[in-house]
Amino acid sequence: MSTKFVIEGLKAQIEGKEILKGINLEMKGGEVHAIMGPNGTGKSTLASALMGHPKYEVTEGTVLLNDEDLLEMEVDERARAGLFLAMQYPSEIAGVTNSDFLRSSINARRGEGNEISLIKFIRQMEGKMKELEMNPEFAHRYLNEGFSGGEKKRNEILQMMMLEPKIVVLDEIDSGLDIDALRIVANGVNAMKSEERGFLIITHYQRLLNYITPDYVHVMMQGRIVKSGGPELAEKLEAEGYDWIKEELGITDETVGQDA
Amino acid sequence: MTTQTILPVNAEALKALSESKQEPAWLTESRLASLELAGQLELPKLEKQRIERWNIQSYGEYKESSKLASFEELPEHVAKLVEGSREGGLIIQRNSGTVHVSLAPELAAKGVIFTDLQTAVKEHEDLVKPYLHQAVKRDEHAMAALHAAVWNGGVFLYVPKNVEVDVPMQAVLLADDAGATFAPHILVVAEANSMVTYVDNYVSDALNASVTHNGAVEVFVKNGAKVRYASVHQLAAEATDVTYRRAVVENDGSIEWIVGEMNDGDTASDTMSVLKGNGSTSDAKVIAVGSGSQKINYTTQAKHFGKSSASQMITRAVMREEAQAIINGITKIEKGATKADGQQTERVLMLSPKARGDANPILLIDEDDVTAGHAASVGQVNQEQIYYLMSRGISRTVAESLIIYGFLAPVVSEIPLEGLRDQLQGLVERKLGQ
């Protein structure tokens, strides 16, 4: 079955402040969608609300992944259902090695009695790390501890590659990356493209989209998707900025939930 | 105001018991004098906790223990503990008395003595007498005095000059009769340039009423000697555990403490290294998990007298449910201990809003030419970290345990004995209810 991901009327708030004001989006396996928009328009909130971050309260809407409602699930169940979020600010966890963490994640999917063999796991991890040009030592380092911004992002992509999710959300994966790292990360993503897998790329720069070509581009403002189009929309945004959209829609302040 | 300590035994009975054991006269006198002291001295003062409210009166009475004919007579989990770990030497105390003593003949041939203290006071009087109650002094407070009065069984480990023992010497101290006095005294003497590792386990089984364990540990590390002392306490909730551990370290000697505090009952422990000699060192690692409604008071101390002496103390404690822990680290550098270095870290991770942890790092420095440092932290499990782990499909329970093990890992991974490391790992799991 080809993957189908449907967000319908999603509203979410943080500390009583509504940030998402009704998001509608439909994605299929094989598609790459980009969500663009200036800072403070609710893009990262969308990513966090989809994953189930405890700070965000979803007040309305549904999110269906192959007809299963993700919003009814705990964070770990969403992940096991096939959702993956590459985070903007991954946590650092002392005392837990990268490889122990990854193996626990893989085994959580496979279930008891069906754990991945250590040899197979190591071979896979080493292979993927090589693709991402990561120092093999990072397997034994504590999870993200002391990693640079770029190393953390690569580590997120490593996890994505190992976990083989159905829907991948990349939250500002390009922030803090130099051009080489950007290329490596993009190659990692492109290598994972398949008919079974959909990508939702959240960014406010167009430059990542030079490496990963989106099929659809959506612009977020004021907690809503205000405009959608093809890859040409991203190019226009890169060339002309967001003002023309604001003008077109009569928006003066594109942000949401920010105190004046 | 003096809180009168209720004495669990009267002088007459104590004297009769000592005589029936054919203890030397000096020991009988020492026990009687200690009992008298116990009636006069105050209870120890615990930081922010009141020991007088704990169950510290359940001494029961002295009961003979019969020697083990086979390890199968031990409760299963205790038998498991001694499986395959007997090559160096093994002492088992059950309640008031010793039930098993063994020592590898090749170690005995080198002059190593490993026997219960009750026997040692008679057979090795000249080696025991100069040390007994010299590190944990009986006039410190009522608990120490009472211990000196009623101690039983125990361990005496003596390593002669220049002898290096490369297998761990082990002891198991088992309480499985709530009516019996359980007060082992451990005495270790490592002569100049010797080396030894000692590992013990305090365990209980089938306690149907409360028990007070009042224990003392004394370690004497002579010039250039190295002693590694590992102790795991895993007594049941019925047991209140009060343990004083002291090491006196001479020139260039070193003591390494590895303490696993895994009791289920109220616990006060105080582990102190007295760095008497120049160039002496102490390294103390404590890991602890508190659960239920345990009251816990752990103190680690280093007292520097020697020049260029160095101490390192690390405590990592996890508190769940309603456990309340006070964790003290005291580095004291005396005048004249030039170039001394004292470092300490105490960290507490709390798993529930009702758990409480206090970390009190204390540096007392009377000498200018020294280096010292401390770090302490108390905090809850970081929810952002839990979310991150869960976002990869890991369940909340597993995520929490990964974080907890990660918290303890820097200490656990430093434990040089593999068997002990695995055992502690298992105990942490049990204490965390997994």
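Since the model is a prediction, treat every value here as computed from it, not as a measurement. Lettering follows sequence order; numbering is per chain, from 1.
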Is it the case that atom [atom1] in [X] sees more than 12 heavy atoms from other parts of the structure closer than 6.0 Å?
{"X": "A:Leu118", "atom1": "CG", "answer": "yes"}
{"X": "B:Lys226", "atom1": "NZ", "answer": "no"}
{"X": "B:Glu321", "atom1": "CD", "answer": "yes"}

dist A:Met160:CE -> B:Arg392:CZ (nearest 0.5 Å) comes out at 10.5 Å
Rounded to the nearest 0.5 Å, the CG atom of A:Leu143 sits from the CG atom of B:Leu389 at a distance of 6.5 Å
Indicate the atoms forming the closest heavy-atom contact of [X] with [Y], along with that distance.
{"X": "B:Met390", "Y": "A:Ala79", "answer": "O-CB, 3.9 Å"}
{"X": "A:Tyr142", "Y": "B:Ala409", "answer": "OH-CB, 4.3 Å"}
{"X": "B:Tyr388", "Y": "A:Asn144", "answer": "OH-ND2, 3.2 Å"}
{"X": "B:Ile394", "Y": "A:Asp76", "answer": "O-CB, 3.1 Å"}

In short, salt bridge (Lys or Arg N to Asp or Glu O under 4.0 Å) pairs touching residues 257-272 of chain B with sequence neighbours left out are B:Arg245-B:Glu261, B:Asp264-B:Arg430, B:Asp264-B:Lys431
Report the C-alpha distance between B:Tyr387 and A:Lys55 in whole Å, list the side-chain angles of each, state the deciding distance to 0.1 Å, and finish with yes or no for side-chain contact (heavy atoms from CB on, under 4.5 Å). CA-CA 10 Å; B:Tyr387 164 69; A:Lys55 268 196 191 155; over 6 Å; no
For A:Arg78, the salt bridge (Lys or Arg N to Asp or Glu O under 4.0 Å) test, sequence neighbours excluded, returns none
Those residues at least two apart in sequence (or on a different chain) that pass side chain to side chain contact (heavy atoms under 4.5 Å, CB included) with A:Ser148 are A:Glu151
* Is the shortest side-chain N to carboxylate O distance from B:Arg396 to A:Glu77 below 4.0 Å? -> no
So, the part of A:Tyr89 with a heavy atom under 4.5 Å from chain B: the answer is neither
Ordered numerically, the heavy-atom neighbours of chain B under 4.5 Å found in residues 91-116 of chain A are A:Ser91, A:Glu92, A:Ile93, A:Ala94, A:Gly95, A:Val96, A:Phe101, A:Ser104, A:Ser105, A:Ala108, A:Arg109
